[in-house]
Amino acid sequence: LALMAEGCQKAILPNLKAITEGIINFVEDPHHRVRYAAIHCLGQFATDFPGKFQKRCGKRVAAVLVQVIDGARGGDGKKCERLQNCGAKSLQAMSDGGMCKKDVLVPHLQKMLEGLYNLIKNGRVKTKESCITTLSSISTVVEDAFEPFYATFMPLLIEVLQIAPSEENAGLRGRAIECIGFLGGSV
């Protein structure tokens with residue numbers, strides 16, 4: 001579905017909500033690869049159906065993606081950073097581009113930001129990059145509702161900037177600088 005969505009808009013749009021619910025059912029599938037595909041599909045739908053997806057399915061999808069970011073489990077039952085990272089990217093796709101409304105994200109903001117904080121603090125470099133980008137998008141959407149979290153995230157982003165410069169973390173440091181600008185603009 002994720003691969004064909006853009007080319008099949010006329011067929012999918014009338015049934016977008018029902019199809020999305022079907023995809024959400026696979027987010028809890030026993031196999032981690034099926035879960036990954038479902039999570040990725042939600043992000044792709046947000047990209048392929050901008051505005052319409054967020055309006056029709058945003059609240060339901062946001063709740064699901066928050067659960068994924070907070071603690072998606074792999075095949076071994078342990079938290080799976082790859083699934084969590086995919087959830088963060090899908091949330092970023094949903095909240096990017098001005099199509100997502102504040103009321104979609106604010107009810108889940110606390111848990112969403114806790115999950116992102118943990119991934120930025122403890123994740124691999126690529127996961128940190130994705131989560132910082134997602135944080136930027138979310139702060140732009142929720143604007144002043146981000147203010148209570150500013151004091152938590154700003155020191156974390158400064159900590160990221162203090163990582164020794166290297167080729168591997170150049171993108172990470174750049175995203176942290178960008179995110180600091182977005183957070184400052186939100187509050």
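Numbers for residues simply follow the sequence, beginning at 1. The shown structure was predicted, so the numbers you read here are calculated from the model rather than taken from an experiment.
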Can you see whether E81 engages N85 through a side-chain donor-acceptor pair at a distance of less than 3.5 angstrom?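 Side-chain D/A pair, E81 to N85: absent.
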Checking the side chain of [X] only, and the main-chain atoms of [Y] only, is there a donor and an acceptor separated by less than 3.5 Å?
X    : Y    : value
Q54  : G51  : yes
R35  : L83  : no
N15  : I12  : no
S136 : F182 : no
R173 : L161 : yes

Going from SG on C100 to NZ on K59, what distance comes out if it is rounded to the nearest 0.5 angstrom?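 Between C100 SG and K59 NZ, I get 10.5 Å after rounding to 0.5 Å.
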Going from OG on S95 to CD1 on I138, what distance comes out if it is rounded to the nearest 0.5 angstrom?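 With rounding to 0.5 Å, OG (S95) is 5.0 Å from CD1 (I138).
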Should the pair F146 and F153 be assigned to parallel (<30°), tilted (30 to 60°) or perpendicular (>60°) ring geometry?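 Taking F153 first and then F146, their aromatic rings sit tilted (interplane angle of 30° to 60°).
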Under the criterion side-chain hydrogen bond (donor to acceptor under 3.5 Å, both in side chains), I'd like the reasoning laid out for D96 against Q92: C-alpha separation, chi angles, the key distance, then a yes or no. CA-CA 6 Å; D96 208 17; Q92 190 267 330; 3.0 Å; yes
Got a sec, which residues hit ring-ring contact (aromatic ring centres under 6.0 Å, His included) with F53, two or more places apart in sequence or on another chain?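 With sequence neighbours excluded, F53 shows a ring-ring contact (aromatic ring centres under 6.0 Å, His included) to no residue whatsoever.
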Residues 104-116, side-chain donor-acceptor partners within the protein, below 3.5 Å, at least two apart:
| unit_1 | atom_1 | unit_2 | atom_2 | d |
| --- | --- | --- | --- | --- |
| Q110 | NE2 | E114 | OE2 | 2.7 |
| K111 | NZ | D70 | OD2 | 3.0 |

Whether over 12 other heavy atoms sit under 6.0 Å from E28 CD: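 Not buried by this count: 12 neighbours or fewer within 6.0 Å.
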